Participant: 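Structure provided below as structure tokens; questions to follow.
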Amino acid sequence: MAINIAPLTEGHADTRQRGHRGFVLGMLCFVYVLNFLDRQLVSILAKPIQDSLQITDSQLGYITGFYFALFYCFIAIPVGWLADRTNRVKILSLACGLWSAATVACGMASSYGQLVAARMAVGVGEAGGVPPSYAIISDSFPREQRGSAMGIFNLGPPLGSALGVAFGASLAAAYDWRVPFYVVGAIGVVTAIVVYLLVPEPVRGRFDPKPAATAPVQGFGQAIIGFFSNKLLAVAALASGAANFITYGLSNFATLFLMREKGMTLDQVAIWYALAVGIGMGTGIFVSGKLIDRFAVRNKAAYASIPAFSLVLALPFFLGFATADRWEVALALLFVPLFLNSFFLPATVTFVQGEVAPAARVISGALLLLVMNLVGLGLGPTFVGFASDYFRADYGPHSLQMAFYALAPMYLIAALLFLWLARLIKAEGRA
């Protein structure tokens, strides 16, 4: 009898540990779903908001892009530095409560200026959401499982977008465009309390080699200089920014494009576009994480070559989406870019988190997001909105189609940057 107790206990302990990790990952993913859902509501409800507040495509681009990113990106750096020295779970909980309350304020806005102020407050809160989560996951999962874990965590954007489309559009169609902001904001406040009470703070560097796990904590300036002086990290951030330029430039105007230029109704958006985003982006990010775990162990350059290949493959389908004359055809073609566009996300995040010391993971994630979102979120929607207004004089109701054509070259630019990163990784391996 006594001989069998130890293996049984170890098995039960291992099962409990896996269950604990699964709970933590599930909670972090749900918070990320809310993070992205709150962020995307303005884009999803662009048409009724434009009709209500009388704002232009350029103003919409600023409010979903530059104005939001300005606060989101820069505040993430001091928040990340603080989280590396304090309790990351508490920082995440506080941030979730703040951005959720600001989301409610977005629904109360009666002018463009008030909506801008509320969106900036959402950006301030969301700055403390993703970087701490990256670090918590990295200290909860061993290195060989992090790609899949990051892939599951990064299901937050597609699930958030899909739920935002489904529930946001449905509630707006049934009641008013303000109601989704109230409902989602209230859910976020409750979630913040649950995270604070139930998610434990993991030990820093638990699954890392001892020299990395015991590396001294860097000062604020040292951490920033160390990140950008590392050529691999700097190029990874720049390449991700270029890919994010496409992701946000497309997603922040896709609903408006399908409704205004392809004839989709809000009810159809709530069903079909939600399914395309949820299934397309969700499976793409999940598959990307699995591919990273499989190939990056043998060939580290796969962190960069996989995103490069996915972007090149997505380009012709993106052009077909912009060219299609019916929303059914456009949405079918859009499914492929939705699947492929976000391959870079699990790859880059996993790469960066593995390249830095555990004590610098949150601020490194924040610096990665600074570049990724300042270029992608800050400039992508701003560029598409500006281009649409620029082309309006010559192309009238098809101005957004021309703006998407202008966005297309960024696919090749981002792919070339990832190929450059792959060469740098290979050169480092040879050295």
Side-chain angles (χ1 to χ4, degrees), residues 24-45 64-65 67-69 71-76 79-80 83 88-107 118-137 149-168 180-181 183-196 199 244 247-248 251-252 277-278 281-282 285 342 345-346 349 362 365-366 368-370 372-374 376-378 381:
V24 170
L25 183 58
M27 283 302 304
L28 295 180
C29 183
F30 183 69
V31 172
Y32 200 9
V33 168
L34 293 177
N35 179 302
F36 216 83
L37 202 164
D38 292 358
R39 190 186 311 178
Q40 291 294 301
L41 273 180
V42 173
S43 303
I44 292 164
L45 303 174
T64 59
Y67 292 149
F68 180 89
F71 281 77
Y72 178 82
C73 294
F74 286 103
I75 291 178
V79 169
R88 295 164 291 186
V89 172
K90 290 181 179 178
I91 294 288
L92 175 63
S93 173
L94 179 63
C96 182
L98 176 57
W99 85 59
S100 299
T103 298
V104 174
C106 289
R119 288 292 292 171
M120 287 181 172
V122 172
V124 171
E126 292 192 2
V130 180
S133 297
Y134 286 159
I136 293 169
I137 292 170
M150 288 294 182
I152 292 172
F153 172 71
N154 281 299
L155 291 175
L159 291 176
S161 297
L163 289 173
V165 174
F167 290 107
F181 289 95
V183 173
V184 173
I187 293 173
V189 172
V190 174
T191 302
I193 298 171
V194 173
V195 169
Y196 183 86
V199 176
N244 230 20
T247 300
Y248 280 110
S251 64
N252 283 24
V277 170
M281 289 181 65
I285 288 176
S342 296
L345 192 54
V349 171
V362 182
L368 172 65
L369 290 175
L370 168 69
M372 188 189 302
N373 288 323
L374 195 60
L377 178 58

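The shown structure was predicted, so the numbers you read here are calculated from the model rather than taken from an experiment.
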Participant: Grab the two heavy atoms, one from P381 and one from N252, that are nearest each other, plus how far apart they are.
Facilitator: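 Distance-wise, the nearest heavy atoms are CG-ND2, 3.3 Å.
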Participant: Atom CD1 of I91 and atom OH of Y196: how far apart are they, to the nearest 0.5 Å?
Facilitator: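 The OH atom of Y196 is 11.5 Å from CD1 of I91, to the nearest 0.5 Å.
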Participant: I'd like to know if the side chain of S93 reaches the main chain of A192, judged simply by a donor and an acceptor atom lying under 3.5 Å from each other, with no hydrogens or angles considered.
Facilitator: yes
Participant: State which residue, out of L92, V89, V199, fulfils the side chain to side chain contact (heavy atoms under 4.5 Å, CB included) condition with M27.
Facilitator: V199
Participant: Going from OG1 on T103 to CZ on R119, what distance comes out if it is rounded to the nearest 0.5 angstrom?
Facilitator: 7.5 Å
Participant: Looking at V122 and C106, what are the two nearest heavy atoms and their distance?
Facilitator: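 Heavy atoms only, the tightest pair is CG2-SG, 4.0 Å.
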Participant: Can you tell if the side chain of L45 reaches within under 4.5 Å of the side chain of P180, non-hydrogen atoms only?
Facilitator: yes
Participant: Quick check on side chain to side chain contact (heavy atoms under 4.5 Å, CB included): which of V189, I193, I187 does T191 satisfy it with?
Facilitator: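 With T191 as partner, V189, I193, I187 yield a single side chain to side chain contact (heavy atoms under 4.5 Å, CB included), made by I187.
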Participant: Would you say the side chain of F30 lies within less than 4.5 Å of the side chain of L159, judging by non-hydrogen atoms?
Facilitator: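 No, too far: nothing below the 4.5 Å cut-off.
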Participant: Quick check: do V42 and F181 have side-chain heavy atoms less than 4.5 Å from each other?
Facilitator: yes
Participant: Before you tell me yes or no, could you show the steps for C96 and V195 under side-chain contact (heavy atoms from CB on, under 4.5 Å), namely the whole-Å CA-CA distance, both residues' side-chain angles and the distance that decides it to 0.1 Å?
Facilitator: CA-CA 9 Å; C96 182; V195 169; 6.0 Å; no
Participant: A side-chain contact here means heavy atoms from C-beta on lying under 4.5 Å apart; do S133 and Y32 qualify?
Facilitator: no
Participant: Calculate, to the nearest 0.5 Å, the distance between atoms CG and CG belonging to N244 and L345 respectively.
Facilitator: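 So the gap between those two atoms works out to 7.5 Å.
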Participant: Which atom pair, heavy atoms only, marks the closest approach of G125 to A95?
Facilitator: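 Heavy-atom minimum between the residues: O-CB, 3.1 Å.
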Participant: Give, for atom CZ of R88 and atom CD1 of I137, the distance between the pair rounded to the nearest 0.5 Å.
Facilitator: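 Rounded to the nearest 0.5 Å, the CZ-CD1 separation comes to 11.0 Å.
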Participant: Between CE of M281 and CZ of F36, what distance do you get to the nearest 0.5 Å?
Facilitator: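 CZ of F36 is found 5.5 Å from CE of M281.
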Participant: Please give me the minimum heavy-atom distance between C29 and L155, naming the atom from each residue.
Facilitator: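 Where C29 meets L155 most closely, the heavy atoms are SG-CB, 4.3 Å.
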Participant: What is the minimum heavy-atom distance between L25 and A149, and which atoms define it?
Facilitator: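 That closest heavy-atom pairing would be CD1-O, 3.6 Å.
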